[in-house]
Number of protein chains: 2
Amino acid sequence: MATPERLIEATRELLWERGYAGTSPKAILQRSGVGVGSMYHHFDGKAGLARAATERSAQELMDAAEAHFSGPGPATRRIASYLLRERDVLRGCPVGRLAMDYDVVENPRLRAPLDELFGWLRTRLADLVAEGRSAGEIDARLDPQAVGATLAAVVQGAYVTARSAESTEPFEAAVRGALQLIGYEEEC
Amino acid sequence: MATPERLIEATRELLWERGYAGTSPKAILQRSGVGVGSMYHHFDGKAGLARAATERSAQELMDAAEAHFSGPGPATRRIASYLLRERDVLRGCPVGRLAMDYDVVENPRLRAPLDELFGWLRTRLADLVAEGRSAGEIDARLDPQAVGATLAAVVQGAYVTARSAESTEPFEAAVRGALQLIGYEEEC
DNA sequence: GTCTATAAGTAGATAGAC
DNA sequence: GTCTATCTACTTATAGAC
């Protein structure tokens with residue numbers, strides 16, 4: 001693998017595991033096997049590296065979500081497919097966890113990928129809720145934008161409650177409740 | 001204020017703002033105006049201080065929530081009262097944010113207050129959903145435990161999406177959606 | 001209880017040779 | 001592009017005097 005690539009991948013892993021404040025350049029160098037000189041040659045320090053890593057993680061999450069959103073079946077089923085998708089629950093969300101990092105939220109260039117991901121996600125979920133409403137699957141009194149924001153929040157918050165309990169159970173319960181609330185009937 | 005008290009309050013502020021990894025003993029000393037010797041005399045280092053601070057924050061959140069839960073009115077209204085309560089949205093949750101801190105989740109003594117808070121919260125919300133269901137306010141097909149977990153998650157996740165957008169709007173939308181989903185009709 | 005001194009290791013780079 | 005050397009400040013304490 002090329003040097004910049006190895007640096008980005010090592011940074012993605014560390015940001016996911018430790019967050020921005022908990023990730024040191026030294027740790028990135030050790031995990032990637034790259035030397036100090038190379039790192040500062042290819043990237044503008046820790047912030048530049050984090051920016052590249054976060055952009056890639058956000059893009060991957062959007063691609064993965066879109067695969068569920070544009071899949072087959074009725075709108076509520078595609079929402080369910082996204083909510084029930086396999087996840088490394090106790091690791092949390094590689095992008096969402098950075099929203100609790102002071103240096104990330106305070107730096108517009110680091111916060112941008114987070115804003116883009118969650119803005120897109122809320123919109124996309126709102127579209128599906130609107131579609132489900134038109135199709136009569138979802139209660140017509142519900143506001144698609146609001147419910148889209150709720151569904152995006154449930155996933156992020158479910159990671160918080162699961163990590164606090166060191167168990168996937170709170171995550172699964174939160175998703176189950178969300179699906180019941182939008183009136184999705186589990187098959188089988 | 002007494003010395004241990006000042007240390008705990010300074011630690012609470014810093015943990016809320018910066019998280020565990022982002023909070024140094026030095027910063028705690030500066031904010032509290034206490035000296036190094038005093039700090040290590042009263043507490044067992046950074047972890048001990050964080051433990052005391054987190055326990056207090058969790059207790060405060062439980063007390064504040066219980067005031068809404070045991071207030072007057074129907075169950076759904078008490079849930080709404082809790083969800084709509086005044087919050088420093090862009091600061092996030094002082095306890096929930098620590099669930100993304102590696103050193104917190106990995107240390108049973110630091111994770112305990114988080115587990116207690118969110119375990120209690122899910123149970124308490126589930127109780128209210130069950131009560132609302134019995135009273136006919138809430139759809140009888142809903143599972144109280146699952147919906148309780150969903151409501152607890154919505155709040156935590158709403159902080160994530162709001163901080164990512166540097167705006168309270170995503171938080172408010174998520175809460176609005178949650179209230180619509182449990183069938184709460186806003187008055188006025 | 002509080003203070004000052006001390007200390008090994010890390011954080012986050014920069015400089016300049018190769 | 002990569003390496004080694006170097007640097008200032010911070011991290012997380014401990015020791016022992018007052």
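Each chain gets a letter, A, B and so on, in the order the sequences are listed, and its residues count up from 1.
In this structure, A:Ser38 does not reach the D:dG1 phosphate: none of its side-chain N or O atoms is under 4.0 Å from OP1 or OP2. Checking the phosphate oxygens (OP1, OP2) of D:dG1, no side-chain nitrogen or oxygen of A:Thr3 falls inside 4.0 Å.
By the salt bridge (Lys or Arg N to Asp or Glu O under 4.0 Å) test, A:Glu55 is found to be paired with A:Arg51, residues two or more places apart in sequence or in another chain being considered. In this structure, the side chain to side chain contact (heavy atoms under 4.5 Å, CB included) partners of B:Ala80, at least two apart in sequence or on a different chain, are B:Leu84, B:Leu179, B:Tyr184. Taking the side chain to side chain contact (heavy atoms under 4.5 Å, CB included) definition, one finds that A:Thr123 meets it with A:Asp127, sequence neighbours left out.
For CD of B:Gln145, the number of neighbouring non-hydrogen atoms (other residues, nucleotides, ligands) closer than 6.0 Å is 12 at most.
One can place CZ of B:Arg18 at 13 Å from C1' of D:dC10, the figure rounded to the nearest angstrom. Taking atom CZ of residue B:Phe43 and atom P of nucleotide D:dT12, one finds them 17 Å apart after rounding to whole Å. If you take CE of B:Met39 and C1' of C:dT2, they are 14 Å apart, rounded to a whole angstrom. Between the P atom of D:dT12 and the CG atom of B:Leu49 lies a distance of 12 Å, rounded to the nearest Å. For the pair B:Arg6 CZ and C:dT2 P, the computed distance is 9 Å after rounding to whole Å. One atom, NZ of A:Lys26, and another, P of D:dA9, lie 20 Å apart when rounded to the nearest Å. Regarding B:Leu7, its CG atom lies at a distance of 13 Å from the P atom of C:dG1, rounded to whole Å. Nucleotide D:dC10 holds its P atom 13 Å from the CG atom of B:Leu29, rounded to whole Å.
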What does the B/S/- profile of nucleotides 13-18 of chain D look like, 5' to 3', with a 4.0 Å heavy-atom cutoff to protein? BB----
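Residue pairs meeting the ring pair (Phe, Tyr, Trp, His ring centres under 6.0 Å) criterion with at least one partner in residues 136-160 of chain B, sequence neighbours excluded, are B:Tyr159-B:Phe171. Evaluation of the ring pair (Phe, Tyr, Trp, His ring centres under 6.0 Å) test over residues 71-90 of chain A, restricted to residues two or more places apart or in two chains, returns A:Phe69-A:Tyr82.
Remark: B:Lys46 is not positioned above the aromatic ring of B:Tyr40, lacking an NZ or CZ atom under 6.0 angstrom from the ring centre and at most 45 degrees off the axis.
Checked against C:dT10, C:dC3, D:dG1, the side chain of A:His42 finds its nearest nucleotide in D:dG1.
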